[in-house]
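A, B, ... follow the sequence lines: proteins, then strands. Residue 1 opens every chain. Since the structure is predicted, the reported quantities are computational estimates derived from the model, not experimental observations.
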There are 2 protein chains.
Amino acid sequence: MLTKKQLDLLDFIHTRLQKDGVPPSFDEMKVALDLRSKSGIHRLITALEERGFIRRLAHRARAIEIIRLPDSLGGTVEDVAEAPTPANQGTAPAAATIAAMELPVMGRIAAGVPIEAINQISHQVAVPASMLSAQGQHFALEVRGDSMIEAGINDGDIVVIRETSVADDGDVVVALVEGQEATLKRIYRKGTSVALEAANPAYETRRYRQDQVKVQGRLVGLIRTY
Amino acid sequence: MLTKKQLDLLDFIHTRLQKDGVPPSFDEMKVALDLRSKSGIHRLITALEERGFIRRLAHRARAIEIIRLPDSLGGTVEDVAEAPTPANQGTAPAAATIAAMELPVMGRIAAGVPIEAINQISHQVAVPASMLSAQGQHFALEVRGDSMIEAGINDGDIVVIRETSVADDGDVVVALVEGQEATLKRIYRKGTSVALEAANPAYETRRYRQDQVKVQGRLVGLIRTY
DNA sequence: AACGTCATGCTGACGAAGAAGCAATTGGAT
DNA sequence: ATCCAATTGCTTCTTCGTCAGCATGACGTT
């Protein structure tokens with residue numbers, strides 16, 4: 001499963017995590033493995049992530065977390081000590097595993113939001129696993145404005161998006177228009193033109209050529225907190 | 001996952017929370033970390049929120065809550081549970097711990113559903129911990145019908161309810177009318193009478209005497225799967 | 001022996017993120 | 001109205017992660 005170097009690195013990260021709770025930086029790992037460049041570390045880290053041993057946030061300092069360890073390093077890392085919950089939430093069994101997954105909230109979306117805004121993680125939300133497809137990447141966005149209000153999507157709602165470039169007529173999608181702005185709209189195709197329709201009579205449907213619109217993902221879920 | 005500064009701050013907040021139950025103010029954190037400006041604290045807090053360790057209310061003093069702790073600070077805090085890996089391949093590593101909780105879905109609700117229907121658990125849903133209050137019992141219901149459509153609550157949505165018998169004017173509540181039927185409506189009180197108002201002009205507002213209506217819980221969240 | 005693949009190694013450049021500070025403003029509470 | 005807390009804009013410096021490009025040695029195949 002792992003090469004020697006990958007194992008060494010994983011071991012080092014694990015040790016550091018145990019010792020002072022903060023994962024090492026690439027430079028520190030570089031020194032530890034006696035390399036002269038960080039790029040080697042970069043590839044090893046990527047490999048570890050691919051193989052499901054660690055989890056990380058892209059473009060964040062020291063944002064590495066160990067998910068599991070190979071047998072040779074002492075097995076799993078899962079929370080062995082499931083502490084009896086103080087002030088237990090009652091109705092739900094505390095020890096049970098939860099069918100959910102954390103998704104990154106990539107920013108806000110509305111009519112006319114620049115794409116840059118949906119390129120960084122603002123925080124994480126948990127979403128029920130039943131909302132997600134078995135395969136496919138998902139992410140979340142916070143909705144701004146009332147352009148989809150008649151579809152029951154309100155200002156402040158979190159929408160869960162499945163990444164895809166295909167969509168059927170009438171699907172609600174995140175569409176990138178002219179490589180510039182990302183909007184949440186209903187999509188309809190007619191011949192070579194694409195219509196993006198808001199669910200609010202106050203906004204008018206806009207039509208584009210096929211090559212002007214790129215579907216980023218499809219709406220699969222919605223979460224609202226009052 | 002965290003840088004040293006971020007970990008220090010999280011540790012400080014956690015300690016203060018344990019000691020006197022109240023989260024520190026930005027100024028107190030500033031002093032604790034030996035900074036000269038609060039803006040640094042603001043950034044660290046933002047990073048912690050992004051990484052899913054704390055939860056907060058914007059524009060509220062000391063409105064910080066710890067959702068989970070890194071292993072180095074003693075692992076989990078209440079509502080945290082292990083996640084099974086929902087079909088996790090390739091580039092999408094799953095989270096090890098998730099800030100979520102399972103709630104029982106107690107049945108369906110609409111205008112005129114008999115109370116019996118909301119007395120048995122049909123299945124469980126996972127909801128983000130950020131949707132729930134620290135104390136208080138919660139449960140979920142599936143919405144039937146379009147009586148709340150203008151409030152963005154559609155047929156088939158799952159609503160998350162916090163059990164309480166108090167509600168402010170305008171809150172959406174689960175109300176038990178005449179001990180008979182449970183409905184999801186907006187509540188308004190006027191003198192000794194209680195008005196239950198649908199969010200759909202097709203349904204008319206109904207008025208009752210105070211003793212005819214019992215509030216079962218208040219709407220705190222909504223989950224929709226497409 | 002020659003070749004392709006793979007894991008690894010190295011350098012250097014680049015841009016993004018973290019951290020810190022000051023100042024001004026907004027928002028809540030009382 | 002006034003105080004305090006929180007938020008935001010702007011600046012500066014440091015730390016960190018990413019990437020393109022090229023090199024090497026191990027291994028198995030042709």
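Under the side chain to side chain donor-acceptor pair (under 3.5 Å) criterion, Asp146(A) pairs with Tyr203(A), sequence neighbours left out. Every residue meeting the side chain to side chain donor-acceptor pair (under 3.5 Å) condition with Glu28(B), not counting sequence neighbours, appears here in chain and number order: Arg16(B), Arg62(B). With sequence neighbours excluded, no residue forms a side chain to side chain donor-acceptor pair (under 3.5 Å) with Asp171(A). Residues that satisfy the side chain to side chain donor-acceptor pair (under 3.5 Å) test with Arg36(B), not counting sequence neighbours, are absent from this structure. A search for side-chain contact (heavy atoms from CB on, under 4.5 Å) contacts involving Leu35(B) returns Lys30(B), Leu33(B), Ile41(B), not counting sequence neighbours.
OP1 or OP2 of dC10(C) has at least one side-chain nitrogen or oxygen of Arg36(A) nearer than 4.0 Å.
Here the P atom of nucleotide dC16(D) and the NZ atom of Lys4(B) are 13 Å apart, to the nearest Å. Atom-to-atom, CD of Glu28(A) to C1' of dG17(D) comes out at 13 Å; the value is rounded to the nearest Å. Here the P atom of nucleotide dT18(D) and the CD1 atom of Ile45(A) are 9 Å apart, to the nearest Å. Summarising the geometry, the separation between CG on Leu7(A) and P on dA7(C) is reported as 15 Å, rounded to the nearest angstrom. The distance from atom NZ of Lys30(A) to atom P of dC10(C) is 10 Å, rounded to the nearest whole Å. When the C1' atom of dC10(C) is taken as reference, atom CG of Leu33(A) falls 15 Å away, rounded to whole Å. If you take CG of Leu9(A) and P of dA7(C), they are 15 Å apart, rounded to a whole angstrom. Remark: C1' of dA23(C) and CG of Leu35(B) are 17 Å apart, rounded to the nearest angstrom.
Counting any heavy atom pair closer than 4.0 Å across all strands shown, Ile41(A) reaches no nucleic acid atom.
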Sort me out a list of protein N/O and nucleotides 4-14 of chain D N/O pairs below 3.5 Å, or just none if empty.
{"residue": "dA6(D)", "atom": "OP1", "partner": "Arg62(B)", "partner atom": "N", "Å": "2.8"}
{"residue": "dA6(D)", "atom": "OP2", "partner": "Phe26(B)", "partner atom": "N", "Å": "2.6"}
{"residue": "dA6(D)", "atom": "N7", "partner": "Lys38(B)", "partner atom": "NZ", "Å": "3.3"}
{"residue": "dT7(D)", "atom": "OP1", "partner": "Arg56(B)", "partner atom": "NH2", "Å": "3.2"}
{"residue": "dT7(D)", "atom": "OP1", "partner": "His59(B)", "partner atom": "N", "Å": "3.3"}
{"residue": "dT7(D)", "atom": "OP2", "partner": "Arg56(B)", "partner atom": "NH2", "Å": "2.7"}
{"residue": "dC10(D)", "atom": "N4", "partner": "Arg43(B)", "partner atom": "NH2", "Å": "3.3"}

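Side-chain atoms of Ser133(A) and Arg162(A) form a donor-acceptor pair, as typed in the model, at a separation below 3.5 Å.
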